[in-house]
Amino acid sequence: MSLLRNRIADDETSLIRRALKGDGKAKYEIYQKYVRYLSAICSRYISDDEDVRDILQDAFLKIFSSLQDFRYQGQGSLKAWMGKIVLNESLKFLRKNSKMTLVGLSDKEDILPDEDSLSGNPAADDIRTDDIPSSEIHRMIRELPDGYRAVFNLYVIEGLSHREIASRLGIREASSASQLHRAKALLATKIREWHKNQG
């Protein structure tokens, strides 16, 4: 197993070295190897497929123009480094082009502590997602308004705190918390509707 890992690492470092020397074939191999993974990251945050393509194009230009700054730290480090660039480009696009729908909670709503249940509401612990295809969950998340979707993904998928999210999106911590609260509530509604339609 270690021999296989070493061979993969050697192949990856060789690919990077070739790309740094301007080898177009090596760059194309990197593109082909990671484009689906990077597209999936981008589409978590961006709902329009044309925008996803544009962002990926910009991201790959940035990746190849700054490849000399990449420091190989073992298998998977290139993938992670490229993923961060795509995430940053996606968030930059949102800040620049999106209205973000950043709404606060009304006086009657309380921000509940974040819990394991999708809605963040203890009364909604019966919401099941294990029987829903991942493609459907992905579709539901993509249908969320931009601000809800961005905060939900940054909090749930990337594991960022509200302080970190606020810094990345240029919003207040309270706005991040309210976006997450509403995103969870909206997803819970979509999930209930999905179950109802299956029945």
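Note: hydrogens, waters and symmetry copies are ignored here, and every other heavy atom, side chains too, is used.
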- Item | Flag if over 12 foreign heavy atoms under 6.0 Å of CD, Gln68 | yes
- Task: Could you tell me the separation between the OH atom of Tyr148 and the OG atom of Ser178, rounded to the nearest 0.5 Å?
- Result: 8.0 Å
- Message: Checking Arg172 against Ser175 for the side-chain contact (heavy atoms from CB on, under 4.5 Å) test, could you report, in this order, the C-alpha distance in whole Å, the side-chain angles of both residues, the deciding distance, and whether it holds?
- Response: CA-CA 5 Å; Arg172 295 182 302 113; Ser175 294; 3.8 Å; yes
- Side-chain ion pair, Glu89 and Lys92, N-O less than 4.0 Å: yes
- Query: Are Lys79 and Tyr37 in a cation-pi contact, defined as NZ or CZ under 6.0 Å from the six-membered ring centre and within 45° of the axis?
  - Reply: yes
- Query: Distance-only, no hydrogens or angles: does the Ser90 side chain make a donor-acceptor pair with backbone N or O of Val86 under 3.5 Å?
  - Reply: yes
- Would the number of heavy atoms belonging to other residues, nucleotides or ligands and lying under 6.0 Å from NZ of Lys27 be above 12? yes
- Query: Would Asp54 and Phe93 satisfy side-chain contact (heavy atoms from CB on, under 4.5 Å), going step by step from the backbone distance to the final call?
  - Reply: CA-CA 10 Å; Asp54 290 344; Phe93 177 89; over 6 Å; no
- Could you tell me whether the side chain of Arg149 and the main chain of Tyr45 form a donor-acceptor pair under 3.5 Å? yes
- Item | Any donor-acceptor pair under 3.5 Å from Asn88 side chain to Lys84 backbone | yes
- Task: Without swapping roles, check the side chain of Ser47 against the backbone of Ser43 for a donor-acceptor pair under 3.5 Å.
- Result: no
- Query: Under the 3.5 angstrom rule, does the side chain of Ser161 hit a backbone N or O of Glu164 as a donor-acceptor pair?
  - Reply: yes
- Item | Minimum heavy-atom distance between Val151 and Ser176, given as atom pair plus value | CG1-O, 3.3 Å
- Item | Ion pair Glu158/Arg168, N-O distance below 4.0 Å | no
- Task: Determine the interplanar angle of the Tyr28 and Tyr31 rings, folded into 0 to 90°, and report it as parallel if under 30°, tilted if 30 to 60°, perpendicular if over 60°.
- Result: parallel
- Report yes if some heavy atom in the side chain of Ile132 is under 4.5 Å from a heavy atom in the side chain of His195; otherwise report no. yes
- Going only through I, L, V, M, F, W and Y residues with side-chain contacts under 4.5 Å, is there a path from Leu67 to Leu61? no
- Scanning both residues in full, the closest heavy-atom pair of Gly83 with Ile41 reads CA-CD1, 3.7 Å
- Item | N-O pairing of Arg139 and Glu136 below 4.0 Å | yes
- Hey, quick one: are Leu78 and Val35 part of the same hydrophobic cluster, counting side-chain heavy atoms closer than 4.5 Å, chains of contacts allowed? yes
- Query: So Met82 and Leu38, side-chain contact (heavy atoms from CB on, under 4.5 Å) or not? Walk me through it.
  - Reply: CA-CA 8 Å; Met82 294 170 76; Leu38 298 175; 3.6 Å; yes
- Query: So, the side chain of Arg36 versus the backbone of Lys33: is there a donor-acceptor pair under 3.5 Å, distance only?
  - Reply: no
- Message: As an exercise, state the distance from CZ of Arg95 to CG of Leu169, rounded to the nearest 0.5 Å.
- Response: 7.0 Å
- Message: Just verifying a value: how many Å separate Ile85 CD1 and Phe64 CZ, rounded to the nearest 0.5 Å?
- Response: 10.0 Å
- Query: Could you give the distance from CD1 (Ile16) to OH (Tyr72), rounded to the nearest 0.5 Å?
  - Reply: 7.0 Å
- CG-CZ distance between Leu20 and Phe70, expressed to the nearest 0.5 angstrom: 10.0 Å
- Task: Mind running side-chain contact (heavy atoms from CB on, under 4.5 Å) on Leu91 and Leu154 for me, showing each step along the way?
- Result: CA-CA 10 Å; Leu91 297 181; Leu154 288 170; 4.1 Å; yes
- Message: Can you classify the ring geometry of His162 versus Tyr155 as parallel (below 30°), tilted (30 to 60°) or perpendicular (above 60°)?
- Response: parallel
- Less than 4.0 Å between a side-chain N and a carboxylate O, is that true for Asp49 and Arg142? yes
- Query: Between Asp131 and Trp194, what is the shortest heavy-atom contact and its length?
  - Reply: O-CH2, 3.6 Å
